[in-house]
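Chain identifiers are assigned alphabetically (A, B, ...) following the order of the sequence lines, protein sequences preceding nucleic acid strands; residue numbering begins at 1 within each chain. Here the structure is a predicted model, which is why all the values come from computation and not from measurement.
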Protein chains: 2
Amino acid sequence: MAETTPDLLPLETVLHIRDTCLCLAAQRAARRLARRFDTVLRPFGLTNGQFSLMVALNQPEPPPMGRLAPFLAMDPSTLTAAVKPLARRGLLVVEPDPQDRRSRRLRITPDGVALMRQAAEVWRVAHAEIDAALPPEVPDALRIGLGQVAALPVSAA
Amino acid sequence: MAETTPDLLPLETVLHIRDTCLCLAAQRAARRLARRFDTVLRPFGLTNGQFSLMVALNQPEPPPMGRLAPFLAMDPSTLTAAVKPLARRGLLVVEPDPQDRRSRRLRITPDGVALMRQAAEVWRVAHAEIDAALPPEVPDALRIGLGQVAALPVSAA
DNA sequence: GTCGTTTACTTTGATATCAAACTAACATGG
DNA sequence: CCATGTTAGTTTGATATCAAAGTAAACGAC
């Protein structure tokens with residue numbers, strides 16, 4: 001009787017991690033939501049992340065990248081990369097800040113606004129479907145909890 | 001007085017999306033958690049996603065990729081790519097299933113088990129820190145809510 | 001048996017993600 | 001001034017992510 005399987009971690013450890021790890025739970029839920037929004041936004045050539053970024057640009061003053069990255073909880077270099085396809089399509093323009101030439105502000109263009117008007121409507125429909133598919137108390141509970149997780153410090157106290 | 005800003009979306013629309021979009025909230029929280037676990041797992045050369053995958057391999061029967069992808073809510077092609085660096089390091093081996101040669105099972109190696117024994121301990125510490133940093137009712141509420149989101153169908157009903 | 005269909009996975013091409021190292025510009029102490 | 005330190009973004013290299021198209025094997029109807 002050949003030994004084909006190496007020793008494993010204790011089963012209880014594995015089940016404990018699988019059932020309690022918030023990182024895994026968040027990744028799974030985030031992927032599922034991302035795929036749903038990617039699907040409905042595909043007619044506009046936008047991904048869920050591009051949509052969220054474009055929403056954040058709807059401010060009277062074009063926000064500098066240094067404010068957007070923390071808001072989206074993403075690395076500055078990720079934002080640099082994310083801007084490129086949107087700028088290439090003319091949905092936003094990158095403007096150096098005259099007051100501080102290190103800083104770059106992202107300004108949504110009229111084309112970007114026009115696209116987002118339509119995209120916001122399909123967002124509304126898709127989000128209503130998700131809200132309706134969850135038990136009524138879940139969406140708000142998630143907003144509160146996810147907000148507190150996003151507000152956690154990057155490293156341990 | 002030059003017009004420098006194009007028309008924007010209605011402010012109330014933007015604020016509504018920003019404050020209620022579960023997709024954005026999940027992405028932000030997932031990124032924050034991912035970065036924290038990436039940090040503590042870095043000494044082992046593992047990312048949070050690699051850790052979750054390796055945890056899932058601790059089964060008496062090596063699971064086929066076709067079961068792992070849905071469990072992790074990821075695309076099969078993403079799993080194919082994720083396996084490569086782990087196989088290259090000898091932490092797992094890919095075994096064609098003799099019963100169905102289309103199917104491939106992922107078997108954790110003794111090296112993989114040894115690494116995961118250590119990694120599981122830092123996971124425990126890091127996760128306890130996160131639990132402690134959140135209001136006491138939040139972690140369980142998130143587990144429930146995130147589980148229900150992950151269980152949503154990929155496309156709308 | 002064999003042809004069409006379905007299933008399991010891979011490949012390709014594009015974007016997403018971050019760490020580390022880098023550049024440019026501001027800021028400040030001397 | 002200017003030398004030093006800090007801040008804002010970018011680049012590079014690696015992995016992560018998915019859609020679309022492709023390959024190979026199993027299945028099912030006939």
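- Under the salt bridge (charged side-chain N to carboxylate O under 4.0 Å, His left out) criterion, B/R101 pairs with no residue, sequence neighbours left out.
- In this structure, B/L146 and A/L146 have side chains that are in contact, with non-hydrogen atoms separated by less than 4.5 Å.
- Remark: A/E121 engages A/R124, A/V125 in a side-chain contact (heavy atoms from CB on, under 4.5 Å) (not counting sequence neighbours).
- Residue B/K84 places at least one side-chain N or O under 4.0 Å from the OP1 or OP2 atom of C/dT11.
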Below 3.5 Å, can you tabulate the donor-acceptor pairs from side chains in residues 42-56 of chain B to any protein atom, sequence neighbours excluded?
unit_1, atom_1, unit_2, atom_2, d
B/T47, OG1, B/Q50, N, 3.2
B/N48, ND2, B/D38, OD1, 3.0
B/Q50, OE1, B/T47, N, 3.0
B/S52, OG, B/N48, O, 3.2

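- If you check every strand for non-hydrogen atoms under 4.0 Å, A/A82 touches sugar and phosphate atoms only.
- The terminal axes of the helix from C/dG1-D/dC30 to C/dG30-D/dC1, fitted over 5 pairs per end, subtend an angle of 10° to the nearest 10°.
- Residues passing the side-chain contact (heavy atoms from CB on, under 4.5 Å) test with B/V93 are B/E95, B/R107, B/T109, sequence neighbours excluded.
- Two residues, B/D97 and A/D100, neighbour DNA chain D, and the one matched to the more 5' nucleotide by heavy-atom proximity is A/D100.
- Residues A/R105 and A/E61 have side chains in contact (heavy-atom distance under 4.5 Å, counting atoms from C-beta outward).
- Listed by chain and number, the residues in a side-chain contact (heavy atoms from CB on, under 4.5 Å) with A/R67 are A/Q59, A/P63, A/P64 (sequence neighbours excluded).
- Counting 5' to 3', DNA chain D first comes under 4.0 angstrom of a heavy atom of chain B and last does so at the ends given by D/dT15 to D/dA26.
- In the region residues 17-34 of chain A, proximity to DNA chain D at under 4.0 angstrom, judged on heavy atoms, holds for A/R31.
- Between A/Q148 and A/I144, the closest side-chain pair of non-hydrogen atoms falls below 4.5 Å.
- Remark: side-chain polar atoms of B/R36 are paired, donor with acceptor, to backbone N or O of A/P153 under 3.5 angstrom.
- Between B/L91 and B/I108 the shortest side-chain heavy-atom distance does not fall below 4.5 Å.
- Near DNA chain D, meaning a heavy atom under 4.0 Å from it, residues 64-80 of chain B has B/A73, B/M74, B/D75, B/S77, B/T78 in order of number.
- Rounded to a whole Å, the CZ atom of B/R102 is 6 Å from the P atom of C/dA8.
- Using a cut-off of 4.0 Å between Lys/Arg side-chain N and Asp/Glu carboxylate O, B/D131 and B/R143 are scored as salt-bridged.
- In terms of modelled atom types and a separation under 3.5 Å, the side chain of A/T78 and the main chain of A/M74 share no donor-acceptor contact.
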Report, one line per pair, each donor and acceptor closer than 3.5 Å where one atom sits in a side chain of residues 17-31 of chain A; sequence neighbours left out.
unit_1, atom_1, unit_2, atom_2, d
A/T20, OG1, A/H16, O, 2.7
A/Q27, NE2, B/A30, O, 3.3
A/R28, NH1, B/F71, O, 2.7
A/R31, NH1, B/L72, O, 2.5

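- The residue B/R88 sits close only to the backbone: its heavy atoms come under 4.0 Å of sugar-phosphate atoms, none of a base.
- Listed by residue number, the members of residues 41-50 of chain A with any heavy atom below 4.0 angstrom from DNA chain D are A/R42.
- With contacts defined as side-chain heavy-atom distances shorter than 4.5 Å, the pair A/L134/A/I130 qualifies.
- By the side-chain contact (heavy atoms from CB on, under 4.5 Å) test, B/A87 is found to be paired with B/V83, B/L92, residues two or more places apart in sequence or in another chain being considered.
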